[in-house]
Amino acid sequence: MLAGFANAAGPFGTIRVGNWNGGAYSNDSTGGFSHCAASTPYANGVTLLVGQDANNSWLLGFANPAFRFKKGENLTIDVTFDGQAEVRLFATAFSDVMVSAVLPTNVARALQKASLMVAVARGTPFQFSLTSTAPLVAAITNCVTRVKADGLDKAGDFTKVAAKPQETPDKPPSPTAGKPARARTGTGFVVSANGHVVTNNHVIDGCVGDIKGNLTGEAAMVLRVVSSDANNDLALLQAPSTATFKDFARIRDRSLRSGDSVIAIGFPFHGWLTSDFTVTTGIASSLSGMRNDTRFLQISAPVQPGNSGGPLFDTTGQIVGVVTAKIPALRIAAATGTIPENINFAIKTGMLRDFLDNSVVPYQTAEPKGELKTTDIAGNARPYTMLISCNGTEQADAKR
């Protein structure tokens, strides 16, 4: 009955997708169709409910025997999907243990695509790992469409969604049809004991099929995208729960200064150069990037295609940035007549920490204590620095 919202009877028919269960529901007082919904319980004690009513409005509900609401009480719930911008929902308590909110269309789409949702109500955060939400939304939509067309008495298995008809032969093919996927590589590094991996958004943007991560000398593992931030060029991936890591990176808890030494580690030109990672050194040339962009560091450590997303270390082995870009040398040369040298950029740890905080990642910080040899820093980084690879179309590569 948790899958039903206020004054509802059912379920009629079934919705079974992963751990989600539900069906169609009627209004107790009228007997007419009310909505389709499904629910799933979480270890935090909350049962999450997703539904669509007869007017095609999407609904999101939260139920917990420990809740203490007054029926009809209104409250706000702030939700974040995959670390993206926070959205405020306006919810109503339908009982002392359950609240429900109407979802705007764009929020419903975000729910459908997301892997992680964090909801904050009355200052208390709740985290939900979202699985099977895309087929769930399709099943709920199918349920509403079929019940409105056929009635509750013909309710069946709404999980079986009719296949879309094939495109007509005379429709022109998509621009990427028939074009082979091309191998793409970058670098990433593990930032938590739970196997969270940081890289650049542009490393994974446009990937086709699985995204894989390789520690040097070990078998590849498939990584799941948790969240991404195209504006700040960051992405968060998740290793399988079966993967174990001997160590993970710590983020420097003190600001870097201009002139401080830095070490970049990554997998440049993978397949052309060594299969192991490479190590380059330099200094933090400036505390801002192109056009005084304070999100970035300018560094002199040489980096190449494939270094993107890799860790930038200080001399104590703590993370001080995420390598992200080279200066467009040919463009600058065309404008100035001079080829720039040793001008590269990394995302500062302030942006990285904000991104990880929004994604609810239990990363660790450390004070810079005791300088290490570059060889020791590289050796310490080996258990958590990954080659990131995937296949991408030529069209996707052209956008990079």
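Values below: all heavy atoms of this structure, side chains included; hydrogens, waters and symmetry mates excluded.
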- Query: So which of Leu111, Val79, Thr133, Val46 actually passes side chain to side chain contact (heavy atoms under 4.5 Å, CB included) with Phe128?
  - Reply: Val46
- Message: With heavy-atom distances below 4.5 Å as the criterion, would you say the side chains of Gln318 and Thr365 are in contact?
- Response: no
- Item | Separation between CE of Met221 and OG1 of Thr242, rounded to the nearest 0.5 Å | 8.0 Å
- Between Pro302 and Asn342, the two heavy atoms sitting closest are CG-OD1, 4.4 Å
- Message: Any heavy-atom pair between the side chains of Ile211 and Val225 that's under 4.5 Å?
- Response: yes
- Quick one: does Thr40's side chain get under 4.5 Å of Trp20's, heavy atoms only? yes
- Message: For a 4.5 angstrom cut-off between non-hydrogen side-chain atoms, does Leu236 reach Val198?
- Response: yes
- Item | Over 12 non-hydrogen atoms of neighbours within 6.0 angstrom of CZ in Arg88 | no
- Query: Out of curiosity, Ile283 CD1 to Thr281 OG1, how far, rounded to the nearest 0.5 Å?
  - Reply: 10.5 Å
- Task: Check step by step if salt bridge (Lys or Arg N to Asp or Glu O under 4.0 Å) holds for Asp293 and Arg295.
- Result: CA-CA 6 Å; Asp293 193 332; Arg295 297 174 298 169; 2.7 Å; yes
- Message: With a 6.0 Å cut-off (strictly less than), is the heavy-atom count around NZ of Lys148, excluding the residue itself, greater than 12?
- Response: yes
- State the CD1-CG distance between Ile77 and Leu89, to the nearest 0.5 angstrom. 6.5 Å
- Item | Point-to-point distance, once rounded to the nearest 0.5 Å, from CG of Leu75 to NZ of Lys70 | 13.0 Å
- Hey, does His196 have a side-chain heavy atom less than 4.5 Å from the side chain of Gln238? yes
- Among side-chain atoms of Ser192 and Asn194, is any donor-acceptor pair under 3.5 angstrom? no
Just distance, no hydrogens or angles: give the donor-acceptor pairs under 3.5 Å from side chains in residues 57-68, sequence neighbours left out.
unit_1	atom_1	unit_2	atom_2	d
Asn64	OD1	Ala66	N	2.9
Asn64	ND2	Gly45	O	3.4
Arg68	NH1	Pro65	O	2.8

- Task: Could you check Asp260 against Arg257 for salt bridge (Lys or Arg N to Asp or Glu O under 4.0 Å), going step by step and ending with a plain yes or no?
- Result: CA-CA 6 Å; Asp260 280 347; Arg257 301 170 302 172; 3.3 Å; yes
- Does NZ or CZ of Arg382 fall inside the cone over Tyr384's six-membered ring, less than 6.0 Å from its centre and within 45° of the axis? no
- Query: Between Thr187 and Pro311, is any pair of side-chain heavy atoms under 4.5 Å apart?
  - Reply: yes
- Item | Inter-residue atom distance Ile140.CD1 - His35.NE2, 0.5 Å rounding | 9.5 Å
- Note on the structure: Distance col, row Phe158:CZ vs Thr14:OG1, nearest 0.5 angstrom, shows 7.5 Å
- Item | Asn19, CG: over 12 other non-hydrogen atoms inside 6.0 angstrom | no
- Message: I want to check something: taking the side chain as every heavy atom from C-beta on, are Thr199 and Leu237 in contact at a cut-off of under 4.5 Å?
- Response: yes
- side chain to side chain contact (heavy atoms under 4.5 Å, CB included) with Leu130: of Leu48, Leu116, Leu136, only one passes, and it is Leu48
- Do you know which two heavy atoms are closest between Thr324 and His202, and how far apart they sit? O-CE1, 3.3 Å
